[in-house]
Amino acid sequence: MSLATSIAKGTPSEWALLRRHASEDLFGIQIAGCHVDALSRACELINEECKVDFVDLNMGCPIDQLCLKGMGAAMTQKKRIRSLEPCVRTLAAIMDAPI
């Protein structure tokens, strides 16, 4: 899992997670974020720089460190659920690969 904000900032350790090994027939990237602008920027960069078969938006991770920031499982809470569909539609419009 990579953090969208770290991808957008160009953090080398985060970009290392986005490398596809030659032996991988199917390769996907899981990203975590809660703000559509950071997620959008990360998807733009992934689309331009990486060869991926899919991008998985993390909406299930229960780790407090993420949930307290509105990421992971917190994205499906009642107060955030209305913004989820527009977010996914925006990301799907950016990516060539499925979200």
Side-chain angles (χ1 to χ4, degrees):
M1 177 183 60
S2 298
L3 298 177
T5 52
S6 297
I7 294 169
K9 290 178 184 175
T11 305
S13 59
E14 217 65 27
W15 277 90
L17 299 172
L18 310 183
R19 286 193 214 121
R20 181 181 199 142
H21 189 270
S23 67
E24 294 178 295
D25 293 330
L26 186 64
F27 181 71
I29 295 173
Q30 184 182 63
I31 58 173
C34 61
H35 300 290
V36 70
D37 56 337
L39 287 163
S40 295
R41 182 65 184 138
C43 282
E44 287 171 355
L45 292 168
I46 290 167
N47 207 45
E48 293 169 7
E49 303 294 330
C50 304
K51 186 178 181 209
V52 299
D53 296 300
F54 64 92
V55 172
D56 173 25
L57 179 58
N58 183 319
M59 294 186 285
C61 184
I63 295 174
D64 286 344
Q65 186 179 8
L66 292 179
C67 288
L68 292 173
K69 295 178 181 177
M71 296 183 258
M75 290 187 76
T76 61
Q77 291 177 343
K78 276 188 176 181
K79 63 183 177 184
R80 298 188 49 93
I81 200 76
R82 288 185 186 170
S83 63
L84 192 55
E85 182 183 356
C87 177
V88 173
R89 287 187 184 276
T90 299
L91 302 182
I94 292 169
M95 291 298 303
D96 293 330
I99 297 285

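All values reported here derive from a predicted model rather than from experimental measurement.
For C50, the side chain to side chain contact (heavy atoms under 4.5 Å, CB included) partners at least two apart in sequence or on another chain are W15, L18, I29, I46, V52. Shown here are the side chain to side chain contact (heavy atoms under 4.5 Å, CB included) partners of S40, two or more places apart in sequence or in another chain: V36, T90, L91, I94. Applying the side-chain hydrogen bond (donor to acceptor under 3.5 Å, both in side chains) criterion to D37, with sequence neighbours excluded, gives no partner residue. Evaluation of the side chain to side chain contact (heavy atoms under 4.5 Å, CB included) rule for R89 yields E85 as partners, not counting sequence neighbours.
Closest approach of C61 to C67, counting heavy atoms only: O-SG, 3.3 Å. H21 and E24 make their closest contact through N-OE1, 2.7 Å (heavy atoms, listed as atom of the first residue, atom of the second, distance). The two residues M1 and E14 come nearest to each other via the heavy atoms O-OE2, 3.9 Å.
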Contacts table for residues 70-82: side-chain donor-acceptor under 3.5 angstrom, sequence neighbours left out:
unit_1	atom_1	unit_2	atom_2	d
T76	OG1	A73	O	2.8
R80	NH2	C34	O	2.9

What donor-acceptor contacts under 3.5 angstrom involve side-chain atoms of residues 5-13, with partners at least two apart or in another chain?
unit_1	atom_1	unit_2	atom_2	d
T11	OG1	S6	O	3.3

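Heavy atoms from other residues, nucleotides or ligands lying under 6.0 Å from CD of E48 number more than 12.
Follow the hydrophobic side-chain contacts under 4.5 Å out from M59 and you reach M95 in the same cluster. Put simply, I31 and L17 are part of two different groups of oily side chains (I, L, V, M, F, W, Y) that touch within less than 4.5 Å, one to the next. Hydrophobic clustering of Ile, Leu, Val, Met, Phe, Trp and Tyr side chains at less than 4.5 Å, counting indirect connections, keeps L66 apart from V88.
Proximity of a side-chain donor or acceptor of D96 to a complementary backbone N or O of N47 within less than 3.5 Å is not detected.
A distance of 8.0 Å separates CG in L57 from SG in C43, rounded to the nearest 0.5 Å.
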